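Written out below as structure tokens is the structure these notes cover.
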2 protein chains.
Amino acid sequence: MRSNESILISEHSTPSAAFAFRPVPKNRISEDALAQLVDMIVSGEVKPGERLPGERELAQSLSITRTSLREALRRLENMGLAAVRQGDGIYVRDFRREANLDFINFQAGRGAALEPQLLLGMDEARRLMSAMVVSLAARRADASDIKELRRVAGECPPDGSPELLSGKWDYDFYLTIALASKNRAFVCLINTMKGMFATFRPMYSHLDEGRRESIKDLNLRLVDAIESGDERAASAIVEERMRQDMEDLAKRAQSPEKRKSKTRKAGVK
Amino acid sequence: MRSNESILISEHSTPSAAFAFRPVPKNRISEDALAQLVDMIVSGEVKPGERLPGERELAQSLSITRTSLREALRRLENMGLAAVRQGDGIYVRDFRREANLDFINFQAGRGAALEPQLLLGMDEARRLMSAMVVSLAARRADASDIKELRRVAGECPPDGSPELLSGKWDYDFYLTIALASKNRAFVCLINTMKGMFATFRPMYSHLDEGRRESIKDLNLRLVDAIESGDERAASAIVEERMRQDMEDLAKRAQSPEKRKSKTRKAGVK
DNA sequence: CAATAAAATTGGTAGAACCAGTGTACCACT
DNA sequence: AGTGGTACACTGGTTCTACCAATTTTATTG
């Protein structure tokens, strides 16, 4: 028999290795095809309202089978990027006003370059929503929630460590807060944004160095605020911290020329 | 040739007919299969961590092909309800803490009964986020945004009309506000919640009757507040309105026995 | 008993055939 | 001229069968 029952579907293996592996380069040809289709759409290579080639021809162009292409199309229309209609064809939608969070999550999850304007917007949304969730958690968290929060907060990797940069810990922490808020809608929201944590954390990593207080200590203080039920104090902590981060990000986005030969964007190229 | 370019992918036909037709019974066997799988999971028929039958067997159980089943599985794992691993099998995940908004949207979109706790949470989230978006819109909307907002607000169907109950107008209005907020992340968020508008609107419909101000007038007033750039006033309008609605909903959810033979839930049955 | 290799199981792809809506053009009828 | 019907080509939707690839299990071997 295979693994059965009581097997948690955790996606982190972390075999105590010092390096953070990719969540698994899960090959799946439909994913690659999907990525190509998304690129075609966001790059403007195909415009909104336009009709794509038929599935047969499209599959041949991508050098895959129609079967695999169709699996990709299901997600493509699920992201709000395309409309597939039987007997008619595949139509490109206006991703600027019809795409949904699944699209953003997909882009962030594969490390695609997101437009600065979108990044700022997402960060703004993240900041506002985090404050909300924390506030709710402060109002409703019970003893077991606090215990769990403190446990996760205590597991926070040291500042600047690659484990922290992976964004996985951020996800765990916010998910725990959302669970404590007793609002399952926020839990779903956090899960939807899962792929984005890995995108944002590295952006602020350089800020962590100059911080007097370690991330772990800061968040432990946040848990204290939640435990005492002080909504204002709790939300203020995340508000203040994130506002600083965002302002810095905005500064860098607006005037990147001022950072001459300093850090040079760190790889990617 | 077929329709090409400049063809908006609008989902409303409304040929000035007095009757509202169904949006089309979009068949797609993978959708049905998906619905069944989702039901199995949320009903607890299969528990988190458990391993489902293989694709071949599962397909046979559902009386469909493996191909169609796989298209359903792609979305199932996309919702966070299952994990599919090659050579291993299909595992059920804990939807209570791993499901995302795509899941909620799917459930709401097909009219599935959502748990009261989840409904309240979603409504709470909707209220808070609406206030945020409106606030941002008040801060950043330009002349053309105001013009568009006023146009959409003016198209608001009369209170209680079936068109309004469909939730489509709510979606259009909030999407326009999100566009005015200049924050594309919120636009995506609204799109993600698209399927939920049809779920919530009917819940509040009975409140519209006793309202002194029609929905259209209320929202036109909201647009005025946005135009004047008064964040507090704008967010206050939606906050106040939605808070009332939610309190009433909570009241009904907690003590539904007090509504004896009054309106009797209106159909469904 | 541990390391290794083979077999069985399961998901992933491929390819072709056929079913089911859509759109178009053409034709008969009014 | 206008209406409705009809046949045909085209496109997505579904089915089948066979095979590839990763994982687990079992048997084999040193």
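Keep in mind it's a predicted model, so treat the numbers as computed, not measured. Below, chains carry the letters A, B, ... as their sequence lines are ordered, and counting in each starts from 1. These values consider heavy atoms only, across backbone and side chains, with no hydrogens, waters or symmetry-generated copies.
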- prompt: For B/Glu55 and D/dC20, what is the distance between atoms CD and C1' respectively, to the nearest whole Å?
  reply: 14 Å

query: When all nucleic acid strands are considered with a 4.0 Å heavy-atom cut-off, which category describes A/Ile90: base, sugar-phosphate, or nothing?
result: sugar-phosphate

message: From the set D/dG13, D/dA18, C/dA14, return the single nucleotide nearest to any side-chain atom of A/Arg66.
response: D/dG13

message: Looking at A/Ala153, is its backbone amide N or carbonyl O close enough to the side chain of A/Trp169 to form a donor-acceptor pair, meaning the two atoms are under 3.5 Å apart?
response: no

- prompt: Between C/dG11, D/dG12, D/dT15, which nucleotide has the shortest distance from any of its atoms to the side chain of B/Arg70?
  reply: C/dG11

query: How long is the line joining CD of A/Gln60 and C1' of C/dA16, in whole Å?
result: 14 Å

message: Rounded to whole Å, how long is the line connecting atom CZ of B/Arg85 with atom P of C/dG11?
response: 11 Å

- prompt: So does B/Arg184 pair up with A/Glu115, basic N to acidic O under 4.0 Å?
  reply: yes

- request: Look at the side chain of B/Thr65 and decide which nucleotide, out of D/dC16, D/dG13, C/dG15, has an atom nearest to it.
  value: D/dC16

query: Of the nucleotides C/dG11, D/dC16, C/dG15, which one has an atom closest to the side chain of B/Arg56?
result: C/dG11

query: Rounded to whole angstroms, how far apart are CD on A/Glu57 and C1' on D/dG12?
result: 14 Å

field: Interatomic distance where CG belongs to B/Leu76 and P belongs to C/dG11 [whole Å]
entry: 13 Å

query: Is the shortest distance from a Lys or Arg side-chain nitrogen in A/Glu155 or A/Arg151 to a carboxylate oxygen in the other one below 4.0 Å?
result: yes

field: Euclidean distance, atom CG of residue A/Leu62 to atom P of C/dG15 [Å, nearest integer]
entry: 14 Å

- prompt: Any Lys/Arg nitrogen of A/Asp39 or A/Arg110 sitting under 4.0 Å from an Asp/Glu carboxylate oxygen of the other?
  reply: yes

- request: Check the distance between C/dG11's C1' and B/Glu71's CD and give it to me in whole angstrom.
  value: 16 Å

- request: With heavy atoms under 4.0 Å as the rule, sort B/Ser68 into base, sugar-phosphate or nothing.
  value: sugar-phosphate

Base C/dG11 to side chain A/Arg28, donor-acceptor N/O within 3.5 Å cut-off: no

query: Can you tell which of D/dT15, C/dG11, D/dG12 lies closest to the side chain of B/Gln86?
result: C/dG11

- request: Return the value, rounded to whole Å, for the distance between atom CZ of A/Arg51 and atom C1' of D/dT11.
  value: 8 Å

query: Is it true that B/Arg97 and A/Glu148 make a salt bridge, defined as a side-chain N closer than 4.0 Å to a carboxylate O?
result: no

